[in-house]
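One structure is given below, encoded as structure tokens.
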Amino acid sequence: MTTNELIKKLFIAFSKKDEEEFYKLGEEIINLEKRKKHNIVAKELKEALYSKNHSRNTSEKRFRTNMPIPRDNDSGFPLLEIKQFELEWEQLILSEKTNYALKQIVLGFKSYEVLATFNLKPKNKVLFSGMPGTGKTFSAQVISSYLGLPLVYINFDAIISSYLGETASNLRKVFEFISNGIWVVLFDEVDIIGKNRDDQHETGEIKRVVNNFLQMIDNFEGDSLILASTNHPHILDPAIWRRFDEVINFELPNQDERMNLINLYLKPIKKETEINVSFVCEETEGFSPSDLKSMCRDAITHAIINERDTLTNNDLIYSLERYRERIDMRTINK
Ligand SMILES: Nc1ncnc2c1ncn2[C@@H]1O[C@H](COP(=O)(O)OP(=O)(O)OP(=O)(O)O)[C@@H](O)[C@H]1O
Ligand SMILES: [Mg+2]
């Protein structure tokens, strides 16, 4: 391929947000320059190609593997992503009960060998259920950091969006891939695939796909930790629930948890002494951790764009009011 053709493909990969293809083409361009003995150009291109990884938040890195990432035959989109996180368990703020249940999963997973001497196996198929923004996806990232294993994130949209005939084969490809390593695997927002099998609108084909998914979960014997998340537990088929060793509920934070979350999210900025975080905690019942995070970011932004380096109570109240309006709109539009 000529440089022109490669650059054209590179642009297409960029616009499709196909990171893997983008890096592959980048490497090809570099190799082309090397073959032309343009060694300095090749070196500069290489530095430029990977510069993003250096400047980026170090809590998330792409993981490289020799195994090809499975793709949808029709669209060519990758069916999964592999990422590595560097998050601390303490960044996760949950009720004691949920936190304990999650810890038991990772401790069980770490004790794989000891358990085996007792002929026991750790629970390795876990369903996370709970409202949006309560930390299901985030917990998977924290668990992957804690266990030091890459996170395989399954892109359900890509699996389903193809012709239905391809869907079952896509699922098979995903399971084949994950069987070849030890990972934390997240099937995120499984409701898409797990919609009640009795639903009138479902075609026979999608029912087959759901059955297929269940069978693959059932038959999965690998050493990975399989997580799945849903925020619509009521639409999930009971047959799906049964396939998991454990279901963990993510609830909205109570007042103490909201206090911890707000303090965590306001950490980056100096605060005026009379700032009243307890008041904001009382006023934010029903907010998810993700809502609180956005609210705190808005408050910090409000201070900064108004040229102050110290957060005032006004900033906090202003963002609280704004965010409350948004939440009200969200419930009205439901
Ligand atoms: N329990 C939590 N503790 C600390 N931070 C949290 C928590 N829950 C959510 N967050 C913050 O909010 C962001 C969004 O949360 P996350 O994506 O995990 O929600 P979710 O439960 O997966 O929601 P959805 O059901 O919409 O996918 C996280 O990246 C994290 O920064
Ligand atoms: Mg999520």
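Indexing begins at 1, ligand by ligand and atom by atom, following the structure's order. Atoms considered below: every heavy atom in the structure, side chains included; atoms not considered: hydrogens, waters and symmetry mates.
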If only protein N, O or S atoms under 2.8 Å count, total around the Mg ion (ligand 2): 1

Surrounding NZ of K9 (heavy atoms of other residues, nucleotides or ligands, distance under 6.0 Å), is the total greater than 12? no

For K125 and I217 the tightest heavy-atom approach is NZ-O, 3.0 Å

Run down the list S95, S129, P132, S139 and name the one with the heavy atom closest to atom 26 (O) of ligand 1. P132

Using a 4.0 Å cut-off to any heavy atom of L92, which atoms of ligand 1 qualify? 3 (N)

From E21, E27, E28, residue fulfilling salt bridge (Lys or Arg N to Asp or Glu O under 4.0 Å) relative to K24: E21

min-distance protein heavy atom vs atom 11 (C) of ligand 1 -> Y265 OH, 3.4 Å

When you measure from atom 4 (C) of ligand 1 to each heavy atom in E251, Q141, Q91, which option holds the nearest one? Q91

What residue and atom, counting heavy atoms only, is the protein's closest point to atom 2 (C) of ligand 1, and at what distance? I93 O, 3.5 Å

Just heavy atoms, cut-off under 4.0 Å: does L94 contact ligand 1 by side chain, backbone, both, or neither? side chain

Surrounding CD1 of I305 (heavy atoms of other residues, nucleotides or ligands, distance under 6.0 Å), is the total greater than 12? yes

Which heavy atom in P253 sits nearest to a heavy atom in L292, and how many Å separate them? CG-CD1, 4.4 Å

Hey, does G135 come in under 3.5 Å of ligand 1, counting only N/O atoms on both sides? yes

How far is atom 7 (C) of ligand 1 from its nearest protein heavy atom, and which residue and atom name does that atom have? P289 CB, 3.3 Å

For the residue pair F22 and F14, does the interplanar ring angle fall in the parallel (under 30°), tilted (30 to 60°) or perpendicular (over 60°) class? tilted

Got the closest protein heavy atom to atom 27 (O) of ligand 1, with its distance? E189 OE2, 3.2 Å

For atom 31 (O) of ligand 1, what is the nearest protein heavy atom, given as residue, atom name and distance? K293 NZ, 2.6 Å

Hey, are D291 and S288 close enough side-chain-wise for a donor-acceptor pair under 3.5 Å? yes

For atom 23 (O) of ligand 1, what is the nearest protein heavy atom, given as residue, atom name and distance? G133 N, 2.8 Å

Report the nearest protein non-hydrogen atom to atom 29 (O) of ligand 1: residue, atom name, distance rounded to 0.1 Å. F138 CD1, 3.8 Å

Do you know which two heavy atoms are closest between L311 and A299, and how far apart they sit? CD1-O, 3.5 Å

For Q104, does the CD atom have more than 12 heavy-atom neighbours from other residues, nucleotides or ligands under 6.0 Å away? yes

Which residue and atom name correspond to the protein heavy atom nearest atom 22 (O) of ligand 1, and how close is it? T137 OG1, 2.8 Å

So, for V247 and S129, which heavy atoms are closest and what is the spacing to 0.1 Å? CG1-CB, 4.3 Å

May I ask which of N231, V142, N99, L261 has a heavy atom nearer to atom 24 (P) of ligand 1 than the others do? N231

Would you say the ring centroid of F187 lies under 6.0 angstrom from that of F175? yes

Do the side chains of Y100 and L225 join up, straight or via other hydrophobic residues, at under 4.5 Å, putting them in one cluster? no

Shortest non-hydrogen contact between F250 and S139, atoms and distance: CE2-OG, 3.2 Å

